[in-house]
Student: 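Quick one: the structure is below, questions incoming.
No hydrogens, no waters, no symmetry mates; every other heavy atom, side chains included, goes into these values.
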Amino acid sequence: MARDTLANIINSLRNADMNRKGTIRVPCTNITKNIIKILLREGFIENARKHRESEKYFCVLKLRHRKGLQKPRLNLKRISRPGLRIYSNYQRIPRILGGMGIVILSTSRGIITDREARLEGIGGELLCYIW
């Protein structure tokens with residue numbers, strides 16, 4: 001497992017979607033739990049549960065797939081990384097596909113989506129794009 005938990009969950013989701021895997025298992029951290037809540041609320045994953053294995057906790061995610069779809073459905077792009085942090089105020093948060101995709105931000109009020117950040121009028125670190 002990588003030390004960068006956000007990159008770990010993004011790559012796990014991307015690989016599982018490309019290979020049409022039904023479930024994935026990622027280490028359960030606070031950042032991971034908050035991102036999973038957002039993905040559940042936005043409808044990118046079907047459900048999630050916490051699993052304990054030899055004193056370590058893992059989150060087991062069930063992905064949502066469309067039948068008969070040839071291309072991967074889930075597109076993710078990492079923006080801010082440990083070597084280069086990208087910050088934005090609420091007015092300059094990018095709109096993905098004209099508002100169809102979401103941007104996940106880390107703010108002073110927790111990890112939220114771009115819509116919530118615009119409503120609350122706060123900016124933060126751009127973590128990733130999902131469309």
Student: Between atom CG of D17 and atom CZ of R64, what is the distance when rounded to the nearest 0.5 Å?
Tutor: 12.5 Å

Student: For the hydrophobic clusters of this structure (ILVMFWY residues joined by side-chain heavy atoms under 4.5 Å, transitively), does one cluster hold both I38 and I79?
Tutor: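 No, no single cluster joins them.
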
Student: Would a 4.5 Å heavy-atom cut-off, applied to side chains only, mark D4 and P82 as touching?
Tutor: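 Yes, at least one pair of side-chain atoms sits under 4.5 Å.
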
Student: Ignoring hydrogens and angles, write down the donor-acceptor pairs under 3.5 Å from the side chains of residues 90-104, residues two or more places apart or on other chains.
Tutor:
none

Student: Any side-chain heavy atom of I36 sitting closer than 4.5 Å to one from I9?
Tutor: yes

Student: Please name the pair of heavy atoms, one in A48 and one in L40, separated by the smallest distance, quoted to 0.1 Å.
Tutor: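 Smallest interatomic distance, heavy atoms only, reads CB-CD1, 4.2 Å.
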
Student: Provide the full list of side-chain hydrogen bond (donor to acceptor under 3.5 Å, both in side chains) pairs with a residue in residues 33-44, sequence neighbours left out, each pair given once.
Tutor: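 Only R41-E116, E42-R115 qualify under side-chain hydrogen bond (donor to acceptor under 3.5 Å, both in side chains).
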
Student: Would L76 end up clustered with L105 when hydrophobic side chains under 4.5 Å apart are linked, directly or stepwise?
Tutor: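 No, L76 and L105 fall in different hydrophobic clusters.
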
Student: Test of understanding: with side chain to side chain donor-acceptor pair (under 3.5 Å), list the residues that count as partners of N11, not counting sequence neighbours.
Tutor: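 N11 satisfies side chain to side chain donor-acceptor pair (under 3.5 Å) with R14 once adjacent residues are dropped.
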
Student: Considering only distance and modelled atom types, tabulate donor-acceptor pairs under 3.5 Å from the side chains of residues 120-131, sequence neighbours left out.
Tutor:
| residue | atom | partner | partner atom | Å |
| --- | --- | --- | --- | --- |
| E120 | OE1 | R109 | NH1 | 3.0 |
| E125 | OE2 | S80 | OG | 2.6 |
| E125 | OE2 | R85 | NH1 | 3.1 |

Student: Hey, can you pull the donor-acceptor pairs under 3.5 Å for the side chains in residues 50-62, sequence neighbours left out?
Tutor:
| residue | atom | partner | partner atom | Å |
| --- | --- | --- | --- | --- |
| E53 | OE1 | R25 | NH1 | 2.9 |
| E53 | OE2 | R25 | NH1 | 3.3 |

Student: So how far is it from S88 OG to D114 CG, rounded to the nearest 0.5 Å?
Tutor: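 Output value for this atom pair is 10.0 Å.
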
Student: Measure the spacing between CD1 of I45 and CG of L13 and express it to the nearest 0.5 Å.
Tutor: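 So the CD1 of I45 and the CG of L13 are separated by 7.0 Å.
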
Student: Does T32 have any side chain to side chain donor-acceptor pair (under 3.5 Å) partners at least two apart in sequence or in another chain, and if so, which?
Tutor: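 Expected list: T29.
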
Student: Would L6 and L63 show up in the same hydrophobic cluster when neighbours are defined by side-chain heavy atoms closer than 4.5 Å?
Tutor: yes

Student: With rounding to the nearest 0.5 Å, note down the distance linking CG in L119 to OG1 in T113.
Tutor: 8.5 Å

Student: Who passes side chain to side chain donor-acceptor pair (under 3.5 Å) against T107, sequence neighbours left out?
Tutor: none

Student: Are L39 and I24 connected in the hydrophobic side-chain network, where two residues link if heavy atoms are under 4.5 Å apart?
Tutor: yes

